[in-house]
2 protein chains.
Amino acid sequence: METGYGLMDAVRERCARCAGRSVSICNVIDDEDLPVLVAESSRVTVPAGRCFISEGAPAHDFYVLTGGRAKLFSLMPDGRRQIIGFAELGDFLGLASSDTYAFTAEALGDVTLCRFPHSSIDRLVERFPRLRCRLQKEASSELVKTQARLMLLGRKTARERLASFLIEQASPCCAHGQTITDEHGPLTLALPMSRTDIADYLGLTIETVSRTFGLFKKEGLISVKGASAATLLKPGRLNDMANGIKRD
Amino acid sequence: METGYGLMDAVRERCARCAGRSVSICNVIDDEDLPVLVAESSRVTVPAGRCFISEGAPAHDFYVLTGGRAKLFSLMPDGRRQIIGFAELGDFLGLASSDTYAFTAEALGDVTLCRFPHSSIDRLVERFPRLRCRLQKEASSELVKTQARLMLLGRKTARERLASFLIEQASPCCAHGQTITDEHGPLTLALPMSRTDIADYLGLTIETVSRTFGLFKKEGLISVKGASAATLLKPGRLNDMANGIKRD
DNA sequence: GAAATATGTTGATTTAAATCAAAAAATGGA
DNA sequence: TCCATTTTTTGATTTAAATCAACATATTTC
């Protein structure tokens, strides 16, 4: 098939055509500099269920998620698991404070990634100083999100946790900083993660997650198709519940 | 009294004599450049119980803690509180992802701080590019610490939480990355925060914290002088408990 | 398409930690 | 030093969520 350019051009186009281009750290690199980015990174594809970062392993690479979703988790010796977060398009993974990864990252469905060896990031930062600033913003914003999760895990009820989760899942597609109201609904969202994953994300058991889904359904707050999709019928009410605001 | 230098010199010496000099972000600035740091920052003293950062308020400044300790927390509308962390010497505060602070910071005892308006940090980063790198390291290491707290709040028992807290409080003075063993003990530590603070840090109630302290005492793991100092008699055992490792 | 397996839901019971309730220490002024 | 207040500890009871136990619904395999 005639594409108008050869293999090398196609490789050079990798970043230009990347779905994560505008939301990832790469958005501080100008189009004309993209060949440098292509040269310093490599595309990786990970099949569903495969881990591409292992807790405690030497941290050699950073990753930008360019397709699919991943779960990030940490394990205790007896198997208790805490999901740190769900990574999505554009997320920057691999920030570590020591020389080992702090969590495991596993592909939820098939995942595509851009891999940057630490040495490549060093060179890129040297060449594009704005990238350093962007990386700091990324770390800061992850930090603030994680701090909000401390309140969820330390002080919220099961209902508040699940409401927070649903609102969080709905936010990327809808709200840009703005508060979610009932007028935003009904909002349908895909839930590619299992009940076990949701439970381990929220610090609950699968039974409690399942029961709480059931309650929300009975109360007309959501409707559910199968187990992997939900529609928020009263997103405003869920948002209030998530934040501990009582309505009368 | 003859000091050998005048007021202006004393002001210039502020950073050189600062207790946080070697542990804070300022450790990437060479001694000869300290006057720039002095010029871009101001010293602040905060009496016990006073808040110097307010959740939701416009974020204009960063702070480096140079004396005393502070608690960082977030509130829900009904008063439920989650303590995000306890800040100590050298800690960098005020990283935010939006234009408002994500938490409140309150002095535990009397606290001294160095305040950097955002504009000052911008100028300093411009002049000392290594500072940007240091800020990113700071954000990354805070992120990893916070991620570890997700496991504590989501999956650990009350005993494991208190053990984690005690080990964490002991670590700054003793371990530099190394694992704590019983040979490190007995380790005495000051606990300047109230039981309420500890409870809100660990996602427990004061009663549970108090009872768990009682159990540890009865089991010979710790001894307590008053309520604001504890000695870890079996730090290794506590460390294992904190990490969910069973001993037989 | 049926059997086998995995995943999710619902119900009964238990339990770790919360709540409610005093009592005991500690702290801070007069 | 004593009294008043706050903080902490200890005890009794409750409860939200966990655990234990079927059962139902998907999903996969042959």
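Protein chains get the first letters and strands the later ones, always in sequence-line order, with residue 1 at the start of each.
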Open item on the list: For a 4.5 angstrom cut-off between non-hydrogen side-chain atoms, does B/L202 reach B/L162?
Closed with: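 Touching, per the 4.5 Å side-chain cut-off.
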
Task: Start and end of chain B contact along DNA chain D [non-hydrogen atoms, under 4.0 Å] - done: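 Answer, 5' to 3': D/dT8 to D/dA12.
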
What integer distance in Å separates [X]:[atom1] from [N]:[atom2]?
X: A/I198; N: C/dG8; atom1: CD1; atom2: C1'; answer: 11 Å
X: A/E207; N: C/dT7; atom1: CD; atom2: C1'; answer: 12 Å
X: A/M193; N: C/dT7; atom1: CE; atom2: P; answer: 15 Å

Task: Pairs involving residues 223-234 of chain B, ordered by first then second residue, that meet side chain to side chain donor-acceptor pair (under 3.5 Å) (sequence neighbours left out) - done: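 Every side chain to side chain donor-acceptor pair (under 3.5 Å) pair that includes a residue of residues 223-234 of chain B, provided the two are not neighbours, is B/T188-B/T231, B/K225-B/T231.
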
Open item on the list: With side chain to side chain donor-acceptor pair (under 3.5 Å) as the rule and sequence neighbours excluded, what pairs involving residues 146-155 of chain A come up?
Closed with: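 Counting only pairs at least two positions apart or across chains, the side chain to side chain donor-acceptor pair (under 3.5 Å) contacts touching residues 146-155 of chain A are A/R155-B/D200.
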
Quick one: list whatever passes salt bridge (charged side-chain N to carboxylate O under 4.0 Å, His left out) with [X], sequence neighbours left out.
X: A/D197; result: A/K71, A/R81
X: B/E55; result: none
X: B/E168; result: none

Open item on the list: Which residues in residues 146-168 of chain A have a heavy atom closer than 4.0 Å to any atom of DNA chain D?
Closed with: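 DNA chain D contact set from residues 146-168 of chain A: A/T157, A/A158.
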
- [ ] Can you sort out which residues in residues 208-222 of chain B have a heavy atom within less than 4.0 Å of DNA chain D? Ascending by number, please.
- [x]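 Hits under 4.0 Å, by residue number: B/S210, B/R211.
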
- [ ] Tell me, please, which residues at least two apart from B/Q82 pass side chain to side chain donor-acceptor pair (under 3.5 Å).
- [x]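 Applying side chain to side chain donor-acceptor pair (under 3.5 Å) to B/Q82 gives none.
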
Task: Pairs touching residues 71-90 of chain B that satisfy ring-ring contact (aromatic ring centres under 6.0 Å, His included), sequence neighbours left out - done: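 Non-adjacent pairs meeting ring-ring contact (aromatic ring centres under 6.0 Å, His included): B/F86-B/Y201.
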
Task: Pair B/S164-B/K156, side-chain donor/acceptor within less than 3.5 Å - done: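 Yes - a donor-acceptor pair under 3.5 Å links their side chains.
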
TODO: Have a look at the helix from C/dG1-D/dC30 to C/dA30-D/dT1 and give the angle its two end axes make, five pairs each, rounded to 10 degrees.
DONE: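 End-to-end axis angle: 50°.
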
Task: From B/M76 atom CE to A/I245 atom CD1, the distance as rounded to the nearest 0.5 Å - done: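 If we round to the nearest 0.5 Å, B/M76:CE and A/I245:CD1 are 8.5 Å apart.
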
Task: Contact nearer the 5' end of DNA chain D, comparing A/L204 with A/S228 - done: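 Counting from the 5' end, the first nearest nucleotide belongs to A/L204.
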
Task: Aromatic ring proximity, centroids under 6.0 angstrom, B/F52 and B/Y63 - done: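 Yes: the rings meet the under 6.0 Å criterion.
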
Going by atom type alone, with no hydrogens or angles, which donor-acceptor pairs under 3.5 Å involve a side-chain atom of residues 105-112 of chain B and a protein atom two or more places apart or on another chain?
| residue | atom | partner | partner atom | Å |
| --- | --- | --- | --- | --- |
| B/D110 | OD1 | B/A48 | N | 2.9 |
| B/T112 | OG1 | B/T66 | OG1 | 2.9 |
| B/T112 | OG1 | B/G67 | N | 3.1 |

Task: Lys/Arg cation over aromatic B/F213: B/R195, 6.0 Å, 45° cone - done: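 Judged by the rule (NZ or CZ under 6.0 Å from the ring centre, within 45° of its axis), B/R195 counts as positioned above B/F213.
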
